[in-house]
2 protein chains.
Amino acid sequence: MTRVLVVDDEPQIVRALVINLKARTYEVDAAPDGATALELAAARHPDVVVLDLGLPDMDGVEVIKGLRGWTRVPILVLSARHTSDEKVEALDAGADDYVTKPFGMDELLARLRAAVRRAEPVGGGDGEVVVVETDGFTVDLAAKKVNRDGRDVRLTPTEWHLLEVLVRNGGRLVGQKQLLQEVWGPSYGTETNYLRVYMAQLRRKLEADPSHPRHFITEPGMGYRFER
Amino acid sequence: MTRVLVVDDEPQIVRALVINLKARTYEVDAAPDGATALELAAARHPDVVVLDLGLPDMDGVEVIKGLRGWTRVPILVLSARHTSDEKVEALDAGADDYVTKPFGMDELLARLRAAVRRAEPVGGGDGEVVVVETDGFTVDLAAKKVNRDGRDVRLTPTEWHLLEVLVRNGGRLVGQKQLLQEVWGPSYGTETNYLRVYMAQLRRKLEADPSHPRHFITEPGMGYRFER
DNA sequence: GCCCCTTTTGACGCGTTTCTGACGCCCCCG
DNA sequence: CGGGGGCGTCAGAAACGCGTCAAAAGGGGC
């Protein structure tokens, strides 16, 4: 869940933002002044900060600098000031975006999404499992590498593809038709002999005892299953 | 040097931007329409794109999508449209910022700086690798230099680009399509012969025994992998 | 306008991968 | 106890991808 820190001293603005953000399943913290904002940011590590420049206790730009001292969290500045100088100052202090009041909620939310999106790490595999380990070998799905007894195992494209599908469905039974179509393409639903040949290759390369497979299990008449 | 791609069909705007940007030592390319923009982006790999939405040949949002298909380069949208919907659409399509015309040059430049700044790699502490060393040669990603036996190795731009992609993905397999698109541009997904030619060049220049590569590994049918 | 470096393109041989058919085994079922 | 379907294994044939070389085309600098 994305966490937002809203910093503003006007309760009605905070309320409007909080309602809209929560409705879109953001997690929201709110701070009425700069000191609280810096404190909350440190304690809660928000994914994005919405910051009003007109705070009662300190200059908004100081808040930006305070944050930038230790974090690259996206900062979206809200302000009633329209002058160019104000904007330039805030942006150069480290803000990511600057929206003038009165603002449209839709636009603000879109800018928020943009700020959060570009802060996301590159690889899609965020919480995804990338390395699968068994007692005999290790499969690294990101690097497309298979390791056995400390040495890399060479797999052909088809072998790798088949392995990938099975491992990604670890523990589950994968039907022969599904397997065939995912590896060879949608028009290959019945060539089960392909499966037999390539499962044999995989077992020969990865199983300790290929004739008594412990990880690549055949479910007769149905399909195959990868077991860790 | 920071490279900017300006996309606008109004010559006077382009001129104003180019003058201001060059005065601040940016390197500037300009495109009058969407097709040229996509082409130039692929060829020149700008660090930031300034994009007018009102183009003669295609919808600006399509240009955004075209870019986002293969790159995360910051996109700063310029537009005469003030409506919230337009902004939301552009931002959600992948734009990073949205400035309405007429715009203040100071503000635009500040937003440009902000966009470039946050796209910068995490410097210093966070473990961004800049120098990669193997037993045969050293690659300095920041200085764009390769050293072998104490002397610099001359690489052509394409060779360097290819090397950079491989090294940045060190240890991971990089698919041929990905490699082609990152180095030659999004429309080059299938020209695998380019890869063969340039991998051979890299090996000849960097491998101790080019015919038995130890660092630039071919994974037949899939792609290439750089191993330290 | 000319020259040189880089990029693109085409052709060829070779090794590897994929496809294909044949055979025997095992297990389930009649 | 016999039959059959599904599975594993093997090996040869066809197809494909890779490395290599060389020449043409392109582009930038002088």
Side-chain angles (χ1 to χ4, degrees), chain A residues 144 146 152-164 166 173-177 179-185 187-225, chain B residues 27 29 39-40 42-45 144 146 153-164 166 173-177 179-185 187-207 209-225:
Chain A
K144 290 204 196 311
V146 183
D152 286 347
V153 181
R154 270 201 47 73
L155 295 184
T156 70
T158 309
E159 286 163 8
W160 169 260
H161 205 156
L162 181 61
L163 174 67
E164 190 176 9
L166 286 169
L173 168 69
V174 187
Q176 344 197 21
K177 190 168 181 178
L179 218 38
L180 279 164
Q181 294 190 335
E182 289 215 36
V183 177
W184 279 270
S187 56
Y188 289 76
T190 55
E191 282 82 344
T192 57
N193 46 328
Y194 292 12
L195 286 181
R196 294 204 297 277
V197 171
Y198 278 91
M199 285 305 303
Q201 314 258 59
L202 277 184
R203 283 168 176 156
R204 193 171 331 126
K205 290 184 178 178
L206 298 179
E207 290 275 7
D209 180 0
S211 54
H212 299 96
R214 295 184 39 227
H215 301 107
F216 300 97
I217 314 297
T218 304
E219 300 282 359
M222 311 188 58
Y224 294 85
R225 176 206 315 279
Chain B
E27 203 171 317
D29 296 315
E39 217 169 282
L40 267 180
R44 306 271 292 162
H45 290 267
K144 291 196 191 302
V146 184
V153 181
R154 254 197 63 70
L155 294 183
T156 70
T158 309
E159 285 164 7
W160 169 260
H161 205 152
L162 181 61
L163 175 66
E164 188 176 10
L166 285 169
L173 170 68
V174 187
Q176 8 194 37
K177 190 168 180 176
L179 218 39
L180 279 165
Q181 295 192 333
E182 290 213 33
V183 177
W184 279 270
S187 57
Y188 289 76
T190 55
E191 278 81 345
T192 57
N193 47 327
Y194 290 13
L195 287 180
R196 296 205 296 276
V197 171
Y198 277 90
M199 286 304 303
Q201 314 258 58
L202 278 184
R203 283 168 177 157
R204 195 171 327 129
K205 290 184 178 180
L206 298 179
E207 291 276 5
D209 180 359
S211 55
H212 299 96
R214 295 185 40 230
H215 303 292
F216 300 98
I217 313 296
T218 304
E219 300 282 1
M222 304 200 281
Y224 294 86
R225 178 202 311 280

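Keep in mind it's a predicted model, so treat the numbers as computed, not measured. Order of the sequence lines fixes the chain letters, A, B, ..., with proteins taken first and strands second; residue numbering starts at 1 for each chain.
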May I have the step-by-step check of side-chain contact (heavy atoms from CB on, under 4.5 Å) for Thr190(B) and Leu180(B), ending in yes or no?
CA-CA 8 Å; Thr190(B) 55; Leu180(B) 279 165; 5.8 Å; no

Minimum-distance pair of heavy atoms, taken over all atoms of Arg154(A) and Lys205(A)
O-NZ, 3.0 Å

Should the pair Glu219(B)-Lys144(A) be classified as a salt bridge under the 4.0 Å nitrogen-to-oxygen rule?
no

Test item: Glu207(B) side-chain N/O and His212(B) main-chain N/O as donor-acceptor pair under 3.5 Å:
no

Rounded to whole Å, CZ of Arg204(A) lies from P of dA11(D) at a distance of 10 Å

Atom CE of Met222(B) and atom P of dC18(D): how far apart are they, to the nearest Å?
10 Å

Length of the line joining Arg203(A):CZ and dC10(D):P, which is rounded to integer Å:
13 Å

Would you classify Thr218(A) as touching base, sugar-phosphate or nothing, given that sugar-phosphate means primed atoms plus P, OP1 and OP2, and contacts are heavy atoms under 4.0 Å?
sugar-phosphate

For dG17(D), does either OP1 or OP2 sit under 4.0 Å from a side-chain N or O belonging to Arg196(B)?
no

Any residue of residues 153-163 of chain A with a heavy atom less than 4.0 Å from an atom of DNA chain C
Arg154(A), Thr156(A), Pro157(A), Thr158(A)

Under 4.0 Å, counting only non-hydrogen atoms across every strand here, what does Tyr224(B) touch: a base, just sugar-phosphate, or nothing?
sugar-phosphate

Measure the distance from CZ on Phe216(B) to P on dG19(D) and round it to the nearest whole Å.
13 Å

Nearest whole angstrom, please: distance from the C1' of dC10(D) to the OH of Tyr194(A).
17 Å

Quickly work out the Ile217(B) CD1 to dG17(D) P distance and round it to whole Å.
21 Å

May I ask you to evaluate whether Trp184(A) reaches the phosphate of dT18(C), defined as a side-chain N or O under 4.0 Å from OP1 or OP2?
no

Figure out the CD/C1' separation between Glu219(B) and dG19(D), and round it to whole Å.
16 Å

Taking atom C1' of dC7(D) as reference, at what distance in whole Å does atom NE2 of His212(A) sit?
14 Å

Please figure out whether Asn193(A) or Gln201(B) has its closest DNA chain C nucleotide nearer the 5' end.
Gln201(B)

Give the nucleotide from the list dT20(D), dT20(C), dG8(D) with an atom nearest to the side chain of Val197(A).
dT20(C)

Phosphate contact (dT7(C) OP1 or OP2) by Tyr198(B) side-chain N/O below 4.0 Å
yes

The side-chain contact (heavy atoms from CB on, under 4.5 Å) partner of Tyr224(B) among Leu179(B), Leu173(B), Leu162(B) is Leu179(B)

Quick check: do Arg203(B) and Thr218(B) have side-chain heavy atoms less than 4.5 Å from each other?
yes

Of all heavy-atom pairs linking Pro157(A) and Pro220(B), the shortest is CG-O, 3.2 Å

